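Since the structure comes first, as structure tokens, the remarks are kept for the end.
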Protein chains: 2
Amino acid sequence: MTGIFDSGIGGLTVVKALLKLLPEESFIYLGDTARTPYGNKSADTIIEYAKKDAKFLLDAGCDSLIIACNSVSAVATDILRELYPDVKIFEVITPAVDAAIATGATRIGVIGTRATIASGIYQKKIQNGYAKVQVLSKPCPLFVSLVEEGWMNERETKQIARKYLTVFREKSYQTLILGCTHYPLLTSVIQRAVGKKIHLIDSAEEVIQKYKKEAATKKEAATKTYFLTDISPHSVAIAQKWLGKKVHFEKADI
Amino acid sequence: MTGIFDSGIGGLTVVKALLKLLPEESFIYLGDTARTPYGNKSADTIIEYAKKDAKFLLDAGCDSLIIACNSVSAVATDILRELYPDVKIFEVITPAVDAAIATGATRIGVIGTRATIASGIYQKKIQNGYAKVQVLSKPCPLFVSLVEEGWMNERETKQIARKYLTVFREKSYQTLILGCTHYPLLTSVIQRAVGKKIHLIDSAEEVIQKYKKEAATKKEAATKTYFLTDISPHSVAIAQKWLGKKVHFEKADI
């Protein structure tokens, strides 16, 4: 069984992709809503939290992990792999980079949290794969707050998106990686801000494609369990709205 | 020596009021930036964090506490007072309520985080003091993200302020309590959104007025120490900008 974790409820976009592609797969989801968001925090703090999240899921019986958070993927993947060499660990960055390179773009944009962009990891991975690609990375920190507020289609959200993203349109970027698992919830707003010609890469979908190829288990009586470290009426309501269905959230003390 | 704590750097508005009114006062500030923000989280989680924050400051030698966070003041004051009956504990709500009632307003508005507004504490305290006052409370969760982003004067911030606050102008509220220590940083935007006639109450200033009357210590060689639980370049830069000077932040592990 796989364990999926994120700083909060943003990682549910990865769950949604999993439910769509592999509806019979068993999993445990852990959202660290008590410490959310991670993306504005330092790498040290994010690593500390990521270790706790992973330990919780492995103790609960998971034998593979999907890091459904770009900030954690950026700063803690190597450390978790070193800590748990026998556990198959999926992160959201490499599959998104591979998909972006596969589009053949020579100018690739990346948006994400402050921690993800500061790590420089997308730039490194893209240019390792294909040195001539030009990369422009930009943190869009308010997107997470807007999504968690449920403001997916407000005028203010569209305006902030234009403010953050016009540069990608102006400088003729061809592909844009949504380097934060919250951002797929803003797909239509982002697409409008950058223009129809720019190809958007959704890291949530890409990681599940990779997981499907490499680790999906045989069909079994599927169990799907959802944990949050803080349960508030607002976050449960927003989570259920995103998933498009009622699920029960259990409290995890970690 | 007093200990001042907040969920993050918002409580520095209380420090700023202290530095202005009592420049010779010694204090230790603790901002829980590793778990920030508190205001969207459940009361249980906020109480757990508040206990850790208070313990850290008392262990460090503080003999009084100023809770520089409305969400903690709303849900954890009684619990902290019960835990530490010998410690003088100041919270930001009562002084703001007293100041609002003193304006003679019959319609008082309150804005704050989701946790603070959901607690209903402002409403209760105002109507306990003066039953005939009409109270309208409204959560404005995006304000904290906008302030932490440093977007104090952006067009988008003004627009979001109008969206949240027009109701107070339309319904002729006379006084508005800024029930979150981040909000004084948006004073001019908020004042413009509600109109010049509405009197704004700044809970950061009011709690320091009360502290000055009841607990300020005699002048001594003042020490001012600042702790954060997570230190990132962005939060340090923003904090120093707000304080208007360079201060050194130490890392607290709690």
Side-chain angles (χ1 to χ4, degrees), chain A residues 7-9 32-49 52 71 75 113-115 117-119 139-151 154-164 228-238 249 251-254, chain B residues 7-9 32-49 52 71 75 113-115 117-119 139-151 154-164 228-238 249 251-254:
Chain A
S7 61
I9 52 180
D32 191 11
T33 41
R35 297 178 189 84
T36 200
Y38 288 0
N40 286 326
K41 289 160 191 164
S42 68
D44 285 351
T45 294
I46 296 171
I47 290 166
E48 188 199 320
Y49 294 166
K52 287 185 184 170
S71 306
V75 304
T113 64
R114 199 166 274 124
I117 299 304
S119 77
C140 304
L142 286 170
F143 278 172
V144 169
S145 316
L146 290 164
V147 165
E148 301 236 334
E149 197 50 23
W151 281 27
E154 311 290 296
R155 191 160 63 103
E156 292 74 14
T157 307
K158 292 173 191 164
Q159 212 167 300
I160 291 171
R162 275 198 301 275
K163 186 159 182 156
Y164 281 144
L228 298 177
T229 52
D230 178 65
I231 298 186
S232 73
H234 177 74
S235 56
V236 169
I238 291 276
F249 289 98
K251 174 93 163 27
D253 288 308
I254 61 170
Chain B
S7 60
I9 52 179
D32 192 11
T33 41
R35 298 178 188 84
T36 199
Y38 288 179
N40 287 324
K41 288 162 191 162
S42 68
D44 285 352
T45 293
I46 297 171
I47 289 166
E48 189 199 319
Y49 293 166
K52 287 184 184 169
S71 305
V75 304
T113 65
R114 201 168 270 121
I117 300 304
S119 76
C140 303
L142 286 170
F143 278 172
V144 169
S145 316
L146 290 163
V147 165
E148 301 235 335
E149 198 48 22
W151 282 27
E154 311 291 294
R155 191 161 63 106
E156 292 74 15
T157 308
K158 291 173 190 164
Q159 211 167 301
I160 291 171
R162 277 198 300 275
K163 186 159 181 159
Y164 281 145
L228 298 178
T229 52
D230 178 64
I231 298 187
S232 73
H234 177 75
S235 57
V236 169
I238 291 276
F249 288 98
K251 174 93 162 29
D253 289 308
I254 59 171

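Just so you know, these numbers come straight off a predicted model, no measurement behind them. We name chains A, B, ... by the order of the sequence lines, and we start the count at 1 in each one.
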Nearest 0.5 angstrom please: [X] [atom1] to [Y] [atom2], how far?
{"X": "A:His234", "Y": "B:Ser42", "atom1": "NE2", "atom2": "OG", "answer": "13.0 Å"}
{"X": "B:Ile160", "Y": "A:Glu156", "atom1": "CD1", "atom2": "CD", "answer": "5.5 Å"}
{"X": "B:Ser145", "Y": "A:Glu148", "atom1": "OG", "atom2": "CD", "answer": "9.0 Å"}
{"X": "B:Thr45", "Y": "A:Arg35", "atom1": "OG1", "atom2": "CZ", "answer": "9.0 Å"}

Which residue out of B:Ala118, B:Ala43, B:Ser232, B:Pro141 racks up the most heavy-atom pairs below 4.5 Å with chain A?
->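 Between B:Ala118, B:Ala43, B:Ser232, B:Pro141, the count favours B:Pro141.
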Under a 4.5 Å heavy-atom cut-off, does chain A meet the side chain of B:Thr33, its backbone, both or neither?
->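 It is the backbone, since no side chain atom gets that close.
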Heavy-atom distance under 4.5 Å to chain B: side chain of [X], backbone, both or neither?
{"X": "A:Asp44", "value": "neither"}
{"X": "A:Tyr49", "value": "side chain"}
{"X": "A:Leu146", "value": "both"}

Minimum side-chain heavy-atom gap B:Lys163-A:Arg155 below 4.5 Å = no
Report yes if the side chains of B:Pro37 and A:Pro37 come closer than 4.5 Å at any heavy-atom pair, otherwise no.
->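 With C-beta onward as the side chain, the pair touches.
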Residue among A:Thr229, A:Ile231, A:Thr36 satisfying side chain to side chain contact (heavy atoms under 4.5 Å, CB included) with B:Lys41 | A:Thr36
